[in-house]
Every structure is written in C-alpha cells, then in structure tokens.
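For clarity, every value in this text was computed on a predicted model and none was experimentally measured.
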Amino acid sequence: MSEDVSKPSNFIRTIIDQDIDSGKHDGRVHTRFPPEPNGYLHIGHAKSICLNFGIARDYSGQCNLRFDDTNPSKEDVEYVDSIQEDVRWLGFDWEDRLFYASNYFDKLHGFAVELIKQGKAYVCGLNAEQMREYRGTLTEPGKNSPARDHSVEDNLDLFARMRKGEFEDGAYLLRAKIDMAHPNMNMRDPALYRIRKGAVHHQTGVQWSIYPMYDFTHPISDAMEGITHSLCTLEFEDHRPLYDWVLDQLPELSHPQQIEFSRLSLQYTVMSKRKLTELVAGNFVSGWDDPRMPSITGLRRRGYTPTSIREFCDRIGITKSGNTIEMGVLENCIREDLNANAPRAMAVLNPLKVVIENFPEGDAETLPAANHPQNESMGTRDIVLTREVYIDKNDFLEVAPNKKFKRLVSGGEVRLRNAYVIRCNEMIKDDAGEIIELRCTYDPDTLGKNPEDRKVKGVIHWVSANHSHEVEVRLYDRLFSDPMPEANKEVEDFKDLLNPQSLEILTGCRVENSLANAPAGARFQFEREGYFCVDPVDSTAESLVFNRTVTLRDSWAKIEAQAKQGK
RNA sequence: UGGGGUAUGGCCAAGCGGUUAAGGCACAGGGUUUUGAUCCCUGCAUCCCAGGUUCGAACCCUGGUACCCCAGCCA
C-alpha cells in the first residue's frame, strides 16, 4: 500500500549523491562488507551490513563480501562459514562477489616490492620494544629507525629473505617511509608486513611466511575490487591519511573514498568481539548462539526476524556522533513484525488448576479461535474446553489489590479467552496455605457475548488440562544489569555486571494442543504473555522448548511498579 | 602544553541562512478492544555555552566547554 517508505537520509548518502552529480567514479556505487573471520557477527555488524548492502541496492550498485583475512593466528573457517550464513540470513546477496584479502597476497607483495624500489618502504630490524621507543608518544615526535636509510638493494634482499622464511617472527618488519615526527601516530613509518613464519592460514595454508597489515591491505583490496565508497567505523578515521598515502604511492590503482560512521552500542549488552568471545569461552553463556547474545546467531535463535533487524538498522540511522541505543528500540522492531505476522496461541506458564464444576465430566467442547485478531486471512484453529483447565497463577488473587485489578479473584468473574465467563466459588489450599486449585462455575450464556446484567472486564488465557501439552519455556532478560557495562568504572571485570536473572527456565508449562507439532523456529504470540519461538537447538518432537523472544508491552506491569514506588 | 572527531527533547535522528525545528522509541493523557496486546487520537525542544555577522542563524565567524578515538609486528 503505502510505498513512500523513503530510506532515511544520512550524511553518507548525501556524499554519494554529490559524487554521482559530479560524475566521480563514473557515477558508479560499489561498496563492500569486510569482516575479519575471527568471531561471529553481531548486531553492530548488521548495522554495517545494512548500510553497505542497502546503499548498493538503492543506488543500483554492488556490494562485495570480503574477508579481511590477514591475521592467520586469529582467524578460522568456522567464522568464514558463520559470517556467510548470517549475512545471507539477514537477507543480503553478494552474488558471485565473495572475496578474500588473501586473494590479493601476490599482488600485495608486488606492491610492497614496488614501494621498496621507490624508496618508500624499508625493512626494519627493531624489535617490538624498540619500535615502541622509537615511535615517540602522543605529544613527542618519534625518531628514525637506524634502518631507515638502507639501500633499496638491501631492503629488497631482506624482504625476499623474510618471504623465504629465513627469519623468525619479529626479527624484521617492512615499514612505510613516511614521517616519524608526524602528529598522527599512524603515519610514523607504520608496519606494512610482518613475519608469521609457522602460521597456517585458513585460505592460503603455509605458502606465506609474511603477512600484510590491515593498513596496507585494505586500501589496495578496495581498489582491486573497484570499490567507490569504503565505509568503516570511526576508529579508522585516523587511518584515512594512511589509506590515502598507500594509494597515492600506487597511481595505477583507483582511489576509493573512505568514509567513517559511528559504531552501534546497545544498552545492557556489550559489542566488542573480545568481550563476547570471553563470555563464550568462560561459559557465561551457552555459546555464540545463546539467545541472550547480541550476535546474529543468538538473535536468530531468540526468535528475531531478519526483517526486524533490518528495520532496527534503518531506525537507528547513520551518523558520526556517539550513540547508545535503548533496548526498547530493538524490542519494538521485533514486536512490530511479530504482532503483524505471528499466529496467536494460548500457553500457561505457571499452571493453576481450575475445575469448572458445572461442566460435565468427560465432556469436551470444541471452540474456534482466531489465529490473529486483526487478520482474518490467518484463519482459525480449534481449542478444546473441558471440565479441568489451567490458568496462570498470576491471573488469580484471593482479593483484588486495587480497583484496577481485572483478573480473577475469589468470588469474582473473568472471561476465559475465546470461551465463557467463569466465576470462582472456592479456593483449595495445601497445608502450606498455597492455593492449588480453584473451583469455579461457568456461565453457558456468555459464549461470544457479554452477560447483559453485569460487567466482566477481565479476560485471561487458559488451556484444557487434558488437551494441552507440557513444554519447557525459557524466559530471557537483558544480559547485563548495567545499561552501559563497558563504561562502568566501578567494577574491574565487566562480567561482574552480568544479570543473574537473564535466564529463567520454566518447566511444566502447558500449551494448547495446536502447538504440539510446532517445528523448530516457529514463532507464536502466546496471548497476554509475549512472543515465543520453538528453540531450534534443544527442542525435540517429544519435548518442546520455547524461547521467549520478547514480552508484550505491559501497561499493567507499569501500573504495578508505580503503585509499589508510590507506597 | 600532539593529532583526529562529536555536540539538536529521556534515547536515536532529520535539518545544509527564512520551517509552526521532521520522524521513530520512551513518557503522559484519552478512545476502541473477548490479549491490561494491537489500533486510533492528543500532548511533549528554540538546537552545549558566550560573543559576533545578517533584515533573518540549529545552520556562517570567533572564543570556550564537555565527551569519544589514536602510542599492536590486531582489525
């Protein structure tokens, strides 16, 4: 219908518009998403993926997937596989343009030799500690390496021997010859190639004993692929002069434009790969796909849809300013998608037995229930009412706490969703005084209509005792108890900020029979509770496990909380 | 007392010298409702500060202030 959903404008699109107007890059737009395969993708990467692929799509351009695989000691095929799966799942297609920086190792090496010949690079024998000393500090200039003025011949020879594996790691380094007094630290003769003699690279094996650095690899890889706009996060802003320097030395290459934007941070979680890896390695979560993780695979298992994540990325925008997004924005995106598309069902998380005394023993009344209250095309399903049903413990209180309470109370009435109005006549308690059963009666004249002589304002969900299915339900909450765990200075280890209540496992929950054969990943709204999906990992046909993706908006909870605070 | 950035309502974010300063989330009221859901109305900012230029400034200039990033042979 309303297709005027114009993509939000942002400063990068503004730049691209200008470039197209001025005929830069012949009006082409070509981007790339360049992950290093050293971890799983997270929602922050999704921001970059949506940006790069989204721009390519909107400008009739192309977007490449390129693995930035220049550091064999940290990378693994496990990650190259998961990254492709996640990008595809998000709904993007790189077609035949899957590349690796390692595809360019030969060319990169050739360019390095070219720089040496030009006198723009040299082999340096300083060790790591000396390098640090020679580099200077933020406020003091560095000093030249003793090797800085060695002859081209010597440099060529040494570089060739580095390549042949004649030296141990750290013995030599190929450095750019720029300016040791440059105010930008990145320009103080940065490393171009380092020795990694025994390393086994996931793509190239053992054929290389030297590996190029990011600052040398990235601009050249971009140029090789005809990238026009090289989008990256803010911390690379200081590297742009080096990006440009490298390409300026190699005029035969095209010169893409690097543009930086700010990375995503989300409240109550962490986004650094190092910290996420730490959570996985230390078993603080069950894995990269733990539904509490901000990883794409975790969000997927939690029940998030690709659509909801893309929508989220659109809503948060692209700027250069620091930002921390509230969880509510992400949650709202998935609620919106699932509200429109998830079929409804009834599930009782904390069962309380109800016996409907005037409902004949052994009888079973089949009732139709809409799968979606606003969308008839989603059809109906049958639910079964019997003498014994379960309602949620939270939907019954001996006495109403206030006039706003509209669930069941002793002596009161409430409607069973999709069925009749019942009245609670009696409570049965155990020795500890806990209510274990309710004795009720139902009003047969209230199916599909309200009683005429009185008002019944509450509606609660329920399931038949013997036409329901026992399942496990996992309730997830924010991973951290601090909205900004990475900024908290009061704690030495961010893991001390983990929310101990981030996972609550409920067993003995009951879902209506229509869910008995729900396939892995299937999503539902459990009415009055939230959106849930069948866990794709631990759920089996015999014992279903549901993950709570997100709760419904709950204005009652808000009222309760305010009442508590007011008292 | 180095360099690079950023500052628009609680959180994001449009805006590019003339606008009643978009929109979303949140929040506060109200309406519909067999989900306290959804949906629908309504309300909610003079733009970090101080000067200046201009008939006119969130947008231009000057000077401040705050915060972020950089001293890996990581990316």
Peer 1: With a 6.0 Å cut-off on ring centres, are A/His109 and A/Phe159 close enough?
Peer 2: yes
Peer 1: With a 4.5 Å limit on heavy-atom distance, are the side chains of A/Thr31 and A/Ile227 in contact?
Peer 2: no
Peer 1: Roughly how many Å is it from CD1 in A/Ile391 to P in B/U34, rounded to a whole number?
Peer 2: 20 Å
Peer 1: Quote, to the nearest angstrom, the C1' distance that separates B/G24 from B/A14.
Peer 2: 11 Å
Peer 1: Below 4.0 angstrom, N of the basic side chain to O of the carboxylate: do A/Asp443 and A/Arg423 qualify?
Peer 2: no
Peer 1: State whether A/Lys558 places a side-chain N or O below 4.0 Å from either non-bridging phosphate oxygen (OP1 or OP2) of B/C27.
Peer 2: yes
Peer 1: Tell me whether A/Arg263 at atom CZ has more than 12 heavy atoms from other residues, nucleotides or ligands lying less than 6.0 Å away.
Peer 2: no
Peer 1: Could you tell me whether the side chain of A/His461 and the main chain of A/Met346 form a donor-acceptor pair under 3.5 Å?
Peer 2: no
Peer 1: Atom CG of A/Asn186 and atom C1' of B/C70: how far apart are they, to the nearest Å?
Peer 2: 6 Å
Peer 1: From B/A75, B/G2, B/U35, pick the nucleotide closest to the side chain of A/Arg344?
Peer 2: B/U35
Peer 1: Under a 4.0 Å heavy-atom cut-off, which of residues 325-337 of chain A touch RNA chain B?
Peer 2: A/Ile325, A/Glu326, A/Gly328, A/Val329, A/Asn332
Peer 1: Report which part of the nucleic acid A/Gly530 touches: base, sugar-phosphate, or nothing (heavy-atom distance under 4.0 Å, all strands).
Peer 2: nothing
Peer 1: I want to check one thing: is the phosphate of B/C74, taken as OP1 and OP2, less than 4.0 Å away from some side-chain N or O of A/Thr70?
Peer 2: no
Peer 1: What is the distance, to the nearest angstrom, from the CG atom on A/Asp314 to the P atom on B/A22?
Peer 2: 22 Å
Peer 1: Should A/Arg415 be listed as having a side-chain N or O under 4.0 Å from OP1 or OP2 of B/G36?
Peer 2: no
Peer 1: Could you go through A/Ser230 and A/Asp222, starting from their C-alpha distance and side-chain angles, then the distance that decides it, and tell me whether this counts as side-chain hydrogen bond (donor to acceptor under 3.5 Å, both in side chains)?
Peer 2: CA-CA 7 Å; A/Ser230 179; A/Asp222 282 344; 2.6 Å; yes
Peer 1: Might you point out which heavy atoms bring A/Ala101 and A/Leu108 nearest each other, and give the distance in Å?
Peer 2: O-CD2, 4.1 Å
Peer 1: Using OP1 and OP2 only, check whether a side-chain N or O of A/Arg188 sits under 4.0 Å from B/G3.
Peer 2: no
Peer 1: Has A/Thr14 got a side-chain N or O lying under 4.0 Å from the OP1 or OP2 atom of B/C16?
Peer 2: no
Peer 1: What nucleic acid atoms does A/Tyr211 come within less than 4.0 Å of, heavy atoms only: base, sugar-phosphate, or nothing?
Peer 2: nothing
Peer 1: What's the CD-P distance between A/Gln374 and B/C40, to the nearest Å?
Peer 2: 11 Å
Peer 1: Choose from B/U6, B/U35, B/A75 the nucleotide whose nearest atom is closest to any side-chain atom of A/Val459.
Peer 2: B/U35
Peer 1: Tell me whether the side-chain N/O atoms of A/Ser321 come closer than 4.0 Å to OP1 or OP2 in B/A13.
Peer 2: yes
Peer 1: Between B/G3, B/A14, B/C73, spot the one nearest the side chain of A/Ser9, thanks.
Peer 2: B/A14
Peer 1: Can you find an N or O donor on one side and an acceptor on the other, under 3.5 Å apart, linking the side chain of A/Asp238 with the base of B/G3?
Peer 2: yes
Peer 1: Sub-3.5 Å donor-acceptor pair from the side chain of A/Arg66 to the main-chain atoms of A/Phe33, do we have one?
Peer 2: no
Peer 1: Please tell me if A/Arg135 has a side-chain N or O lying less than 4.0 Å from either OP1 or OP2 of B/G72.
Peer 2: yes
Peer 1: Side chain of A/Asn184 only, heavy atoms from C-beta on: which candidate in B/G5, B/G3, B/A71 is closest?
Peer 2: B/G3
Peer 1: Quick check for you: among B/U34, B/C73, B/U35, whose closest atom lies nearest to any side-chain atom of A/Ala128?
Peer 2: B/C73
Peer 1: Under 4.0 Å from OP1 or OP2 of B/A75: is there any side-chain N or O of A/Arg194 that close?
Peer 2: yes
Peer 1: Answer yes if the ring centres of A/Tyr420 and A/Tyr442 are under 6.0 angstrom apart, and no otherwise.
Peer 2: yes
Peer 1: Would you kindly give the CZ-to-C1' distance between A/Arg315 and B/C25, to the nearest whole Å?
Peer 2: 8 Å
Peer 1: Report the distance from atom NE2 of A/His372 to atom P of B/A37, rounded to the nearest whole Å.
Peer 2: 15 Å
Peer 1: Going by the glycosidic torsion and a 90 degree boundary from 0, is the base of B/G72 oriented syn or anti?
Peer 2: syn
Peer 1: Report the distance from atom CD of A/Glu237 to atom C1' of B/C69, rounded to the nearest whole Å.
Peer 2: 8 Å
Peer 1: B/A75 base to A/His239 side chain: any donor-acceptor pair below 3.5 Å?
Peer 2: yes
Peer 1: Between B/C70, B/A37, B/A75, which one does the side chain of A/Met213 approach most closely?
Peer 2: B/A75
Peer 1: Return the nearest nucleotide to the side chain of A/Gln525; candidates are B/U35, B/A75, B/G3.
Peer 2: B/U35
Peer 1: Between B/A75 atom C1' and A/Ile83 atom CD1, what is the distance in whole Å?
Peer 2: 12 Å
Peer 1: Determine the contact category for A/Lys273: base if any of its heavy atoms lies under 4.0 Å from a base atom, sugar-phosphate if only primed atoms, P, OP1 or OP2 are that close, otherwise nothing.
Peer 2: nothing
Peer 1: So, does A/Thr319 get its side chain near the phosphate of B/C12, meaning an N or O under 4.0 Å from OP1 or OP2?
Peer 2: no
